[in-house]
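See below for the structure under consideration.
In what follows, chains carry the letters A, B, and so on, assigned in the order in which the sequence lines appear, proteins first and then strands, with residues in each chain numbered from 1.
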Protein chains: 2
Amino acid sequence: MQKFANDPDPRRLLCFNVYAAHHAFNRFYQPLLEPLGLTYPQFLVMIALHRQDGRGVGSLAEELMLETNTLSPLLKRIEGMGLITRRRSQEDERRVDVFLTDQGRDLAVRAAEIPDCIAECFDGNETTYRMMINALTNLRQMLAKPEE
Amino acid sequence: MQKFANDPDPRRLLCFNVYAAHHAFNRFYQPLLEPLGLTYPQFLVMIALHRQDGRGVGSLAEELMLETNTLSPLLKRIEGMGLITRRRSQEDERRVDVFLTDQGRDLAVRAAEIPDCIAECFDGNETTYRMMINALTNLRQMLAKPEE
DNA sequence: CCCATTTATATCGCACACGATAGAATCGCA
DNA sequence: TGCGATTCTATCGTGTGCGATATAAATGGG
């Protein structure tokens, strides 16, 4: 069995680097999201809804790769902020469809500008940016594979 | 201003891919950690302590890039499991030094084997593995930069 | 030497994230 | 058609993560 991923130093583990990069992103975004009154997961939901709203909770969860029980309380909170409305679907009474309010749409437009700050961090190096996205997408697929 | 990081689809945002990879790692590790009775952050703490114990909470927090208020309750929990002991430092009564118990050390040795499963996922492709660690380390540094 | 400042840790409140569970609506098959 | 199985969402419990705050110990300048 290959041993190259075995290292006593957490900083040389891939899992730790993903974990730490996640926190680093949160810390980078926090001051940018604070004026909008959004947390990072709320930001992602607003972006997803801006692309397409009128969707059920499960559809959102699938797109963001979260469980619906994670989204339920989050949606209730941003509904309380007046950013979305939730309505039982007519065609399937089990479903709860989520719609952006006018206020929510305005906020989503402002939120969508935030990732431009990342391009600035990359100093215009688009290739590196795209390669990292590809690498992380591949990683996800490898980790999701049942066993091998 | 460069706009290449601007995308209406969350799945094409770098921040989302880091976020999703973090969750994917958690889901991959969960069944491997469950037999050890550890959560993922507890796993990291055990690895860090296995490399060097008898350290203060702040030292651990710095290595894992967390706040000490995140570690305090976590350490209390794994102390309750009998994996570590906490003792006020003699030389500085403010500090609480953390030591692995014998049981904790045994568990850390077993935990340290888990990342080998990742090498298997990478199908022996060590170069890709190392390049991703480098890329994520660079990303962290870019995100930590004050402004530019 | 004394007291204001700093440092180290802990506690609290809030918001995820998920497994387990509940409850309602829909589906599917006999 | 009827009823068990499935699907969709919500609630609960536990464990992070962090900002704000508290407390005690160490430090340092007058």
Return the nearest nucleotide to the side chain of [X]; candidates are [options].
{"X": "A/Lys76", "options": "D/dT11, C/dT26, D/dG15", "result": "D/dT11"}
{"X": "A/Arg95", "options": "C/dA25, D/dT9, D/dC18", "result": "D/dT9"}
{"X": "A/Leu74", "options": "C/dT6, C/dC16, C/dA20", "result": "C/dC16"}

At less than 4.0 Å, is any side-chain N or O atom of [X] found next to OP1 or OP2 of [N]? Yes or no.
{"X": "B/Thr68", "N": "C/dA8", "answer": "no"}
{"X": "B/Gln42", "N": "D/dT16", "answer": "yes"}
{"X": "A/Tyr40", "N": "C/dA15", "answer": "no"}
{"X": "B/Arg77", "N": "D/dT16", "answer": "yes"}
{"X": "A/Ser72", "N": "D/dA10", "answer": "yes"}

Base, sugar-phosphate, or nothing for B/Leu71, non-hydrogen atoms under 4.0 angstrom?
nothing
Flag for B/Arg140-A/Asn17: side-chain donor and acceptor within less than 3.5 Å:
yes
Salt-bridge present (B/Arg86, B/Glu79; N to O < 4.0 Å):
yes
Let's test your reading of the model: under 3.5 Å, does the base of C/dT9 pair with the side chain of B/Arg94 as donor and acceptor?
no
Base D/dG17 to side chain A/Asn26, donor-acceptor N/O within 3.5 Å cut-off:
no
